[in-house]
Amino acid sequence: MDELPDHLVWDILSKLHTTNDRNSVSLSCRRFYSLDNDQRYSLRIGCGLVPATDALLSLCRRFPNLSKVEIIYSGWMSKLGKQLDDQGLLVLTTNCLSLTDLTLSYCTFITDVGIRHLSSCLELSSLKLNFAPRITGCGVLSLAVGCKKLRRLHLIRCLNVASVEWLEYFGKLETLEELCIKNCRAIGEGDLIKLRNSWRKLTSLQFEVDANYRYMKVYDQLDVERWPKQLVPCDSLVELSLGNCIIAPGRGLACVLRNCKNLEKLHLDMCTGVSDSDIIALVQKAKHLRSISLRVPSDFTLPLLNNITLRLTDESLSAIARHCSKLESFKISFSDGEFPSLFSFTLQGIITLIQKCPVRELSLDHVCVFNDMGMEALCSAQNLEILELVQCQEVSDEGLILASQFPSLSVLKLSKCLGVTDDGMRPLVGSHKLELLVVEDCPQVSRRGVHGAATSVSFKQDLSWMY
């Protein structure tokens, strides 16, 4: 090994992807130690960093070419030592000159002062902040002003990011390509209009309103009415995920849905006001849709809303079946099985979609209309490889037995299904059809009943959900 040229050793080290492997190799000799230090581009640290600032300085000097750093304090307690603070971020920015990707998670000691230090990282292109309660909109604005190459920004549970001047600034820069805002209480749907021309560059948008915070207030249209009725330029958008949002007819996010012609992934989670016309307009333009996930509010929650009584129906499913010839993943979930949406999707609508689209993965959660007839229809689903049923109580052993006849099925997941028993599993036992079988919290299925039903079997039973 001593005679190997450096470039070959570098190539060997590059094929070691786990931190433990790289650490073991680097300790074998001084040469490997030195080469590994130069080739180490990513670092993940957290509660074991004591004292935090001094330890980080030592690591930055040891690994001079770090470009990706993750600082995660999940599970931190005061007895574990002081967290990394603003001074620690200053050490990072002055000693890690190649930094392009930074994640700060549960870093509760970091304030706007520390974020301002990051503005000197001229190469920073990705920043993820997860639960940073002491950071405000001013800190994010200073970051936007200093880091001109920032392309990816994630703000998750940043409860004090109230001002949105930073959104306006990014709107003028037109540089953001990926934006994720989740559970930042002071940021609503209406604030997204401040992105303006940045919509042109966005390829991924994840926006989720804090459900607990929203449901404590009266639903109204104030936020969404701040959006003018205009065309939102979002031709570059490939992935769109919205959670707990209000979709106003002809305004705001409804305009976004109708103008995503290159969209490939759509996730709508408890979004109120989405109508058939929104979905129809979307699928008529988005010919490349590969994944659709819908979590639908139940009829029990809808009366709480003011002037919003729109629901998705089979018209949406028919439009998807007609236009989404590349659809591979389809997921439907109803928010509450005790109060299902009685006037939403029917069994026939779901069957039509499955028969006309090349769906490889189907997930149904709290879909009370799906029964043994639906399972029978899946026998003709030539592309279906993954099936997940969660609290689909109308599926019995008679339907489960048919799973052995699904042409391409390799993964089956059952959770909280009351109607299936060990008898329904018998055709799968010893058939070598399934690669993976997951059974969770199904009261009439035993560990013995699933033994040998797939190459890999995962079984868990916790029946507390029933009481």
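Numbering of residues begins at 1 and proceeds along the displayed sequence.
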* For the student: nearest non-hydrogen atoms of L150 and S126, plus distance -> CD1-N, 3.7 Å
* Asked: In terms of heavy-atom contacts, does CZ of R61 have more than 12 from other residues, nucleotides or ligands at under 6.0 Å?
  -> no
* To do: Can you see which heavy atom on D86 is nearest to which on F109, and at what distance?
  => OD1-O, 4.1 Å
* **Minimal non-hydrogen separation, S142 against S119, with atom names** => O-CB, 3.6 Å
* To do: Under the salt bridge (Lys or Arg N to Asp or Glu O under 4.0 Å) rule, what do E361 and K331 come out as? Steps first, then yes or no, please.
  => CA-CA 8 Å; E361 180 180 2; K331 301 179 181 181; 3.7 Å; yes
* Asked: Is the closest side-chain donor-acceptor distance between S415 and D441 under 3.5 Å?
  -> no
* How many angstroms lie between atom CG of L141 and atom CD1 of I115, to the nearest 0.5 angstrom? -> 12.5 Å
* Check: K416 main-chain N/O paired with Q393 side-chain donor or acceptor under 3.5 Å -> yes
* Just by modelled atom types, is the G81 backbone N or O under 3.5 Å from a matching donor or acceptor in the W76 side chain? -> yes
* What heavy-atom pair brings G114 and L89 nearest, and what distance separates the two atoms? -> O-CD1, 3.5 Å
* Structure fact -> The salt bridge (charged side-chain N to carboxylate O under 4.0 Å, His left out) partner of E123 among R151, K149, K148 is K149
* For the pair E208 and N244, evaluate side chain to side chain contact (heavy atoms under 4.5 Å, CB included) and give the outcome as yes or no after the intermediate values. => CA-CA 6 Å; E208 182 177 318; N244 303 308; 4.1 Å; yes
* To do: Report the C-alpha separation of E178 and R152 in whole Å, then their side-chain angles, then the decisive distance to 0.1 Å, and conclude whether the salt bridge (Lys or Arg N to Asp or Glu O under 4.0 Å) test is met.
  => CA-CA 5 Å; E178 182 178 319; R152 183 185 298 112; 3.2 Å; yes
* **Crowding at NZ, K287 (>12 non-hydrogen neighbours, <6.0 Å)** => yes
* To do: Flag the pair C271 / I247 as yes when at least one side-chain heavy-atom distance between them is below 4.5 Å, and no otherwise.
  => yes
* Carefully, step by step, assess L257 and L240 under the rule side chain to side chain contact (heavy atoms under 4.5 Å, CB included). => CA-CA 9 Å; L257 283 173; L240 177 63; 3.8 Å; yes
* Asked: Does the side chain of L153 come within less than 4.5 Å of W166's, by heavy atoms?
  -> yes
* To do: Specify whether Y106 and F131 have parallel, tilted or perpendicular ring planes, treating 30° as the upper limit for parallel and 60° as the lower limit for perpendicular.
  => tilted
* Asked: Judged by atom type as modelled, is there a donor-acceptor pair below 3.5 Å linking the side chain of N160 to the main-chain atoms of T136?
  -> no
* **Any I135 side-chain heavy atom under 4.5 Å of D112 side chain** => yes
* **S344 side chain to L312 backbone, donor-acceptor under 3.5 Å** => yes
* **4.5 Å side-chain heavy-atom contact, D191 and I181** => no
* Structure fact -> So CD1 of I386 and CG of L362: to nearest 0.5 Å the spacing works out to 10.5 Å
* Heavy-atom closest pair, residues L353 and L327 -> CD2-CD2, 4.1 Å
* Asked: Is the closest side-chain donor-acceptor distance between S105 and T103 under 3.5 Å?
  -> no
* Step through the shown structure and confirm whether more than 12 heavy atoms of other residues, nucleotides or ligands are within 6.0 Å of CD on E435. => no
* To do: Report yes if some heavy atom in the side chain of W199 is under 4.5 Å from a heavy atom in the side chain of N259; otherwise report no.
  => no
* Please say which of E264, K265, K261, K326 ends up in a side-chain hydrogen bond (donor to acceptor under 3.5 Å, both in side chains) with H288. => K326
* **Test side chain to side chain contact (heavy atoms under 4.5 Å, CB included) applied to F334 and F345, step by step** => CA-CA 10 Å; F334 289 99; F345 307 130; 4.1 Å; yes
* To do: Taking the side chain as every heavy atom from C-beta outward, state whether L99 and L66 have any pair of such atoms under 4.5 Å apart.
  => no
* Asked: Hey, are N183 and R157 close enough side-chain-wise for a donor-acceptor pair under 3.5 Å?
  -> no
* For K68, does its backbone N or O pair with a side-chain atom of S42 as donor and acceptor, under 3.5 Å? -> no
* To the nearest 0.5 Å, what is the distance between CD1 (I71) and SG (C47)? -> 12.0 Å
* Asked: Would you say the side chains of N20 and T18 form a donor-acceptor pair under 3.5 Å?
  -> no
* **K182 backbone acceptor or donor facing Q206 side chain under 3.5 Å** => no
* To do: Output yes when a side-chain donor or acceptor of S198 lies under 3.5 Å from a complementary backbone atom of L176, and no otherwise.
  => no
* **Close side-chain approach of S58 and D54, heavy atoms under 4.5 Å** => no
* Does the salt bridge (Lys or Arg N to Asp or Glu O under 4.0 Å) test come out yes or no for D278 and R258, once each step is laid out? -> CA-CA 6 Å; D278 294 324; R258 292 167 177 263; 3.1 Å; yes
* Asked: Quick one: are L289 and I320 in side-chain contact, heavy atoms under 4.5 Å?
  -> no
* Structure fact -> Here the gap from C442 atom SG to L463 atom CG, rounded to the nearest 0.5 Å, amounts to 9.5 Å
* Heavy-atom closest pair, residues N37 and F63 -> OD1-CE2, 3.3 Å
* To do: Find the distance between CG (L202) and SG (C234) and round it off to the nearest 0.5 Å.
  => 9.0 Å
* To do: Applying salt bridge (Lys or Arg N to Asp or Glu O under 4.0 Å), run through K201 and E174 and close with a yes or a no.
  => CA-CA 7 Å; K201 293 292 293 290; E174 299 184 39; over 6 Å; no
* Is there a side chain to side chain contact (heavy atoms under 4.5 Å, CB included) between C357 and F330 once you walk through the steps? -> CA-CA 10 Å; C357 297; F330 186 67; over 6 Å; no
* Asked: Between the side chain of T100 and the main-chain N/O of S67, is any donor-acceptor distance below 3.5 Å?
  -> yes
* **Nearest-0.5 Å distance, CG of residue L282 to NE2 of residue H323** => 10.5 Å
* Can any side-chain N or O of D276 pair as donor or acceptor with the backbone N or O of T313 at less than 3.5 Å? -> yes
* Asked: Would you say the side-chain atoms of Q461 pair up with the backbone N or O of V445, donor to acceptor, closer than 3.5 Å?
  -> yes
